[in-house]
Amino acid sequence: MPESIPASLIIDTLKDLFREARAAREAEGWGPSPHEHLGWILSVPDTHQKTVLAALDKEQTIRVLTCATEDEACTIAAGLHAGGEPVVLMIQHAGLYASVNTLRGVAMDGKVPVFYMIGLLQREKDKDPKESRHSMVRYCEPLLDTFGVPHARLEGPNDVHLIAEYYRLSRQRRGPTAVLVGLETS
Amino acid sequence: MAMKPEEVLRVIQAARGNAICIPTMTTGPAWRDIAPDDLSAGCVGFMGGASSLGLGLALARPERRVIVFDGDGSLLMQLGSLATIAGSRARNLVHLLFKNGVYHTSGSQEIPGGLTVDFVTMARGAGYAMALAIGELDEFKRKLPQLLTAAGPIFVELHTTLADQTPMTARGGSPFDQQMERLRGKLLAAK
């Protein structure tokens, strides 16, 4: 049975991830970052991850930029990456559907490592997402499969290691990857 | 009066210094000729995304100017980006809108509202630090030094004629992934 993940655990994981990304960036030759914060979250606010977004409001070490659309978030991420900055997208499944052309044109065709955290709003706790009665839950994984985007489910606190793993995978394969937040964060 | 896009681009190329440039749609072919192999990445295939790509670069590299060559039809596709850019307070972003009132690449069909759409008012309302319209090349030449130094985000609606070429009539150029990789490599090498 899936469990809710505390916001603090996700934020600590993101901080560790960004520290690792900063070290990799320096090893690549970028030199010191022009920024004081560790990394960037591009968010189109997601109900499922709202406790994380609320906690990030008070967090000085991660900069959050709220975007009007997921298309923008994906393309801004490409620009940040080209400029040597680490970035994570936090959106919900409906936003993934809305921004499929940008996923294709920017992240896939552009071979840009875009890492998504996608909230599965209305996912039923006792059902596999593929059996959900809600189409927006049911089609998310098949859509990612159709586009060949590697993805994993965050079904509880023990799965947060997948955040760093799929972030690294996006860099290795030079393309998009995603983790799906199964239940509303706490 | 309206300016030739190619003339505007030549003026920019002469004055840009180390600025990153992001052309899209009909500015793409001309920019390839005017500034081959430069610090830029052209956007085709995700219409409306140029300003967001420019914003990401501007946020990542605050020490450089980033100049976006947007189109009016393109901007309408992702109009919310005006608010996102303004909200980001990217001081080094210059958002140039080449306004011709039509979707030139797909056959010059009029955009919704045609030439009556007032993008300057939209950008100002979104919260850009500066927003203005320019219709004469001499005026553009006079104001460009200020546009390249003043605190942004800056929005300029440029009243232009149609470009000589479109991405459909002048195919070619590197694929987007190669352009992005080359741009990233150049920014890294410049560190």
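Each chain gets a letter, A, B and so on, in the order the sequences are listed, and its residues count up from 1.
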**Student:** Check step by step if side-chain hydrogen bond (donor to acceptor under 3.5 Å, both in side chains) holds for Q49(A) and T185(A).
**Tutor:** CA-CA 5 Å; Q49(A) 301 176 82; T185(A) 55; over 6 Å; no
**Student:** May I ask you to name which of G29(A), A82(A), G105(A) has the most heavy-atom pairs under 4.5 Å with chain B?
**Tutor:** A82(A)
**Student:** Around atom NZ of K127(A), are there more than 12 heavy atoms from other residues, nucleotides or ligands closer than 6.0 Å?
**Tutor:** yes
**Student:** Below 4.5 Å, heavy-atom pairs only: which of A77(A), P34(A), G31(A) has the largest tally toward chain B?
**Tutor:** P34(A)
**Student:** From L154(A) CG over to L120(A) CG, what is the distance, rounded to the nearest 0.5 angstrom?
**Tutor:** 9.5 Å
**Student:** Using atom types as modelled and no hydrogens or angles, find all donor-acceptor pairs between chain A and chain B shorter than 3.5 Å.
**Tutor:**
from: E28(A); atom 1: OE2; to: R184(B); atom 2: NH1; distance (Å): 2.6
from: H35(A); atom 1: NE2; to: L59(B); atom 2: O; distance (Å): 2.8
from: R63(A); atom 1: NH2; to: S88(B); atom 2: O; distance (Å): 3.2
from: A68(A); atom 1: N; to: T84(B); atom 2: OG1; distance (Å): 3.0
from: E72(A); atom 1: OE1; to: T84(B); atom 2: OG1; distance (Å): 2.4
from: E72(A); atom 1: OE2; to: S81(B); atom 2: N; distance (Å): 2.9
from: H81(A); atom 1: O; to: R184(B); atom 2: NE; distance (Å): 2.8
from: H81(A); atom 1: NE2; to: R184(B); atom 2: NE; distance (Å): 3.3
from: G83(A); atom 1: O; to: R61(B); atom 2: NH1; distance (Å): 2.9
from: N101(A); atom 1: ND2; to: G45(B); atom 2: O; distance (Å): 3.2
from: R104(A); atom 1: NH2; to: G45(B); atom 2: O; distance (Å): 2.8
from: K111(A); atom 1: NZ; to: D177(B); atom 2: OD2; distance (Å): 3.4
from: R174(A); atom 1: NH2; to: E181(B); atom 2: OE1; distance (Å): 3.2

**Student:** Do side-chain atoms of H48(A) reach the backbone of I118(A) as a donor and acceptor pair under 3.5 angstrom?
**Tutor:** no
**Student:** More than 12 heavy atoms of other residues, nucleotides or ligands under 6.0 Å from OH of Y139(A): yes or no?
**Tutor:** no
**Student:** Side chain of Y97(A), backbone of C140(A): donor and acceptor closer than 3.5 Å?
**Tutor:** yes
**Student:** Could you work out, with side-chain hydrogen bond (donor to acceptor under 3.5 Å, both in side chains) as the rule, every residue matching D128(A), not counting sequence neighbours?
**Tutor:** R153(A)
